[in-house]
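As a basis for the values below, the full set of heavy atoms in this structure was taken, side chains included, without hydrogen atoms, waters or symmetry mates. Just so we're clear, the structure is a prediction, and the values are computed from it rather than from any experiment. Chain naming here is simple, since letters A, B, ... match the order of the sequence lines and numbering starts at 1 in each.
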Number of protein chains: 2
Amino acid sequence: MRDRLTERQNQVYEFLRDYVRRQGKPPTIKEVGQSLGIRSTNGVHKMLVVLEKKGYITRTPNEARGLELVDDVGFGAEEAPGVLMLKLTEGVGRRARRMTSETADHPLPRSRRPLLIDPGLVPDDVDLDDCLGVVAADDGMNGAGVRKGDLVVVEECHWRDVSNGATAAVLFFDRVVIRRFELANGRLHFRAADRTYADEAIRPDDPEFFVIGRALAMMRPLT
Amino acid sequence: MRDRLTERQNQVYEFLRDYVRRQGKPPTIKEVGQSLGIRSTNGVHKMLVVLEKKGYITRTPNEARGLELVDDVGFGAEEAPGVLMLKLTEGVGRRARRMTSETADHPLPRSRRPLLIDPGLVPDDVDLDDCLGVVAADDGMNGAGVRKGDLVVVEECHWRDVSNGATAAVLFFDRVVIRRFELANGRLHFRAADRTYADEAIRPDDPEFFVIGRALAMMRPLT
DNA sequence: CCTCAAAGTGAAAATCATTTCACCTGTTCT
DNA sequence: AGAACAGGTGAAATGATTTTCACTTTGAGG
């Protein structure tokens with residue numbers, strides 16, 4: 001386990017991360033200082049040394065912009081059992097991290113390597129930091145082209161923010177299913193696109209169901 | 001249209017591109033020189049000025065590693081008309097460039113931004129440099145979960161290298177379709193997974209058909 | 001033959017970036 | 001109270017990088 005960062009150190013780390021995402025290259029020490037209000041390059045320098053010691057970045061001595069983010073795991077722990085979770089991030093090298101528990105034997109992204117998703121697959125206004133990937137647990141949306149085992153990119157949000165008719169990812173007992181969402185008569189309706197699967201109409205407070213968020217995109221390796 | 005590059009200039013450009021892919025940041029002038037056997041930093045410098053003038057890169061004066069590839073086109077020109085082509089690449093921020101002609105109005109990756117695909121979606125032994133993306137032109141593989149408009153990642157190869165039963169991307173007149181491939185009796189069979197679409201059996205030298213390669217993965221934005 | 005453009009060489013100037021040195025200010029912990 | 005640590009300030013030293021200057025080489029064309 002990596003050493004914990006202090007508040008300030010985390011600010012620095014986040015700046016580095018964001019800068020790299022935006023600019024496609026690491027910042028100089030001065031740039032870091034300017035953004036975080038540290039007037040002395042040395043102040044930043046020492047901060048970087050600490051980040052390196054704690055394992056968050058690696059540095060190349062005497063090199064301009066000579067730092068690199070350590071490809072990390074540990075973006076925020078896990079929740080639903082048996083669910084493959086991915087944490088998506090954005091940037092030049094827009095990447096997403098798999099935080100997973102169960103790797104299962106999905107032919108999907110193996111290893112702990114970051115998972116990439118093209119931002120173009122997702123609407124502009126979506127913050128990829130709010131997104132995660134799930135694996136569809138059944139063929140309920142087969143009729144809409146989403147099959148069991150498909151990797152679905154979900155923007156986490158409250159069910160109130162899912163519009164009627166949109167596709168949602170729902171935690172159904174302990175499986176993640178994809179369904180068409182609708183709010184009617186104070187009930188949440190989850191409609192499958194496949195006759196074989198029953199539609200569900202539940203009360204918002206039903207503990208057996210949990211709307212993870214909007215389904216934005218899907219991907220699948222072809223056999 | 002962008003100015004054409006000389007042999008040498010192209011070598012420099014390719015080096016820059018490869019370096020950025022691998023290292024996630026642009027090289028210094030000296031690094032470029034070392035790799036291309038140019039002893040004088042000035043030699044490289046002038047080369048970069050030319051690349052900038054011709055529109056292949058942008059530079060920031062007096063900045064270490066202050067250059068950026070112009071998010072480009074020009075990876076190798078285009079072929080099939082009306083086909084959205086993507087060139088996939090790998091690297092730190094594994095990215096892929098869209099080389100396309102027709103942007104069409106696909107809700108797929110917009111803009112000229114690179115397209116990303118997670119390497120985990122594709123077998124290990126595949127060289128992402130040999131891959132490109134195409135948009136399925138019909139619903140012939142609907143039964144197999146690939147629908148019209150889906151972005152399909154294809155590894156370019158000769159039809160001889162597509163194994164029987166594998167999914168292939170085929171240039172059919174001037175549209176790209178996805179089909180199950182089979183070689184039998186000296187003929188190439190393209191089978192749709194949807195009854196509505198007729199199977200095709202052609203001679204290998206049929207000019208109307210062209211096997212682009214193996215289909216490896218697909219992705220789709222969800223409405 | 002002369003000229004021009006592409007591609008270099010070498011070295012010196014001018015910046016930019018990282019590192020080091022000396023010291024300061026709170027806070028936390030013993 | 002005193003030590004230890006996080007987080008800074010400023011300035012100076014040392015490298016790294018980019019730019020500029022003055023010249024050379026080679027090949028294609030007028």
Side-chain angles (χ1 to χ4, degrees), chain A residues 1-70, chain B residues 1-20 22-70 74:
Chain A
M1 182 41 102
R2 212 175 330 199
D3 269 347
R4 254 193 131 34
L5 295 181
T6 64
E7 179 77 26
R8 190 57 164 158
Q9 286 161 5
N10 192 52
Q11 283 173 26
V12 175
Y13 177 74
E14 286 184 352
F15 172 76
L16 297 181
R17 192 197 52 191
D18 291 346
Y19 188 104
V20 170
R21 286 178 185 175
R22 305 229 138 69
Q23 314 293 342
K25 61 189 170 197
T28 62
I29 287 186
K30 205 207 285 175
E31 286 170 328
V32 177
Q34 272 166 356
S35 285
L36 299 186
I38 302 175
R39 264 168 301 195
S40 171
T41 54
N42 184 34
V44 177
H45 180 258
K46 292 206 293 202
M47 209 98 276
L48 295 183
V49 171
V50 174
L51 284 181
E52 182 176 34
K53 198 168 306 176
K54 292 195 177 179
Y56 287 78
I57 63 174
T58 57
R59 297 180 337 114
T60 311
N62 294 324
E63 190 188 83
R65 301 170 192 274
L67 73 89
E68 218 173 303
L69 300 185
V70 168
Chain B
M1 186 34 107
R2 211 179 320 207
D3 270 346
R4 252 191 133 37
L5 295 181
T6 64
E7 180 77 25
R8 191 56 163 159
Q9 287 161 3
N10 192 52
Q11 283 173 27
V12 175
Y13 178 74
E14 286 183 353
F15 172 77
L16 297 180
R17 191 197 55 193
D18 292 345
Y19 188 103
V20 170
R22 305 228 138 70
Q23 313 293 343
K25 62 188 171 198
T28 61
I29 288 186
K30 205 207 286 175
E31 286 170 328
V32 177
Q34 273 167 356
S35 286
L36 299 186
I38 302 175
R39 266 167 300 194
S40 170
T41 55
N42 185 35
V44 177
H45 180 258
K46 293 206 292 202
M47 208 98 277
L48 295 183
V49 171
V50 173
L51 283 181
E52 183 177 32
K53 198 166 306 177
K54 292 195 176 180
Y56 289 78
I57 63 174
T58 57
R59 296 178 339 113
T60 312
N62 294 323
E63 191 188 83
R65 300 169 192 276
L67 72 91
E68 217 174 303
L69 300 186
V70 168

Would you mind reporting whether [Y] and [X] have side-chain heavy atoms less than 4.5 Å apart?
{"X": "B:Tyr19", "Y": "B:Ser35", "answer": "no"}
{"X": "B:Leu48", "Y": "B:Leu16", "answer": "yes"}
{"X": "A:Thr6", "Y": "A:Val50", "answer": "no"}

Just the endpoints, please: which first and last nucleotides of DNA chain C, 5' to 3', lie under 4.0 Å from a heavy atom of chain A?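 Boundary nucleotides touching chain A, in 5' to 3' order, are C:dA17 to C:dA22.
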What's the shortest heavy-atom distance between [X] and [Y], and which atoms?
{"X": "A:Pro27", "Y": "A:Glu31", "answer": "CA-OE1, 3.3 Å"}
{"X": "A:Gln9", "Y": "A:Arg4", "answer": "OE1-O, 4.3 Å"}
{"X": "A:Pro26", "Y": "A:Leu67", "answer": "CG-O, 3.1 Å"}

Between D:dG8 atom P and A:Leu48 atom CG, what is the distance in whole Å?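 One finds 12 Å between P of D:dG8 and CG of A:Leu48, rounded.
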Take the protein atom CD of A:Gln11 and the nucleotide atom P of D:dA6, then report the distance between them rounded to whole Å.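 Rounded to the whole Å, the gap is 16 Å.
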Which is more 5' along DNA chain D, the nucleotide nearest A:Gly37 or the one nearest A:Lys54? Just name the residue.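 Whichever sits nearer the 5' end wins; that is A:Lys54.
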Short side-chain to backbone donor-acceptor contact, A:Arg17 and A:Leu69, under 3.5 Å: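 Such a contact is absent between A:Arg17 side chain and A:Leu69 backbone.
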Base versus backbone protein contacts along nucleotides 10-21 of chain D [heavy-atom cut-off under 4.0 Å; B, S, -]: B-----SSBBBB
Would you mind listing every side-chain hydrogen bond (donor to acceptor under 3.5 Å, both in side chains) that reaches into residues 39-51 of chain B, with sequence neighbours excluded?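 Applying side-chain hydrogen bond (donor to acceptor under 3.5 Å, both in side chains) to every pair that reaches into residues 39-51 of chain B, excluding sequence neighbours, yields nothing.
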